[in-house]
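Throughout, residue positions are numbered sequentially from 1 according to the sequence presented. Predicted model only: the values in this text are computed from it and were never measured.
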Amino acid sequence: MLKKMDILETGEDISKHAEDEAEIIILRNAIKKLSSRDQTIIKLLFGLENTEKKSQKEVASYFKVTQGLISRRKARSLRRLRTEMERYM
């Protein structure tokens with residue numbers, strides 16, 4: 001069975017794999033605990049909440065920062081999301 005964080009990291013639509021609505025709620029709440037900038041980065045990179053999925057390069061351009069910075073913030077945010085979700089699962 002794939003974990004929701006594994007699905008998120010691959011960029012697949014998590015709702016297609018949802019076994020339990022509670023897991024989606026936990027993920028949404030975990031995302032809300034990120035900084036507003038990190039929330040936006042995650043939403044853009046994974047196409048969440050009706051946003052079009054963007055590449056790291058496109059997100060970097062949007063924020064006028066380097067792609068490396070977006071990569072680091074993505075990695076840090078995914079670690080935080082994984083930790084938060086593991087607390088509830």
Interatomic distance, [X] atom [atom1] to [Y] atom [atom2] [nearest 0.5 angstrom]:
X     : Y     : atom1 : atom2 : answer
Glu86 : Leu81 : CD    : CG    : 11.0 Å
Ile24 : Arg28 : CD1   : CZ    : 6.0 Å
Ser61 : Lys54 : OG    : NZ    : 10.0 Å

**Study point:** Side chain to side chain, Leu69 and Thr66, heavy atoms closer than 4.5 Å
**Key:**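 Yes, close enough: below the 4.5 Å cut-off.
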Exercise for review: Answer yes or no: is there a side-chain heavy-atom contact under 4.5 Å between Ile41 and Phe46?
Suggested key: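 Ile41 does not reach Phe46 side chain to side chain.
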Check your understanding: For Gln56, what residues pass the side chain to side chain donor-acceptor pair (under 3.5 Å) criterion, not counting sequence neighbours?
Key ->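 Residues passing side chain to side chain donor-acceptor pair (under 3.5 Å) with Gln56: none at all.
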Review point. If you look at every heavy atom in Lys33 and Arg87, which pair is closest and at what distance?
Key: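 Looking at all heavy atoms of both residues, the shortest contact is NZ-NH1, 4.3 Å.
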Review point. Does the pair Leu45 and Lys53 meet the rule for a side chain to side chain contact (heavy atoms under 4.5 Å, CB included), with working shown?
Key: CA-CA 5 Å; Leu45 289 173; Lys53 188 176 174 181; over 6 Å; no
Could I get the full list of side-chain contact (heavy atoms from CB on, under 4.5 Å) partners for [X], not counting sequence neighbours?
X     : result
Thr40 : Leu44, Tyr62, Phe63
Gln39 : Ile31, Leu34, Lys43
Ser55 : Lys57, Glu58
Arg76 : Asp38, Arg73, Arg79, Arg80

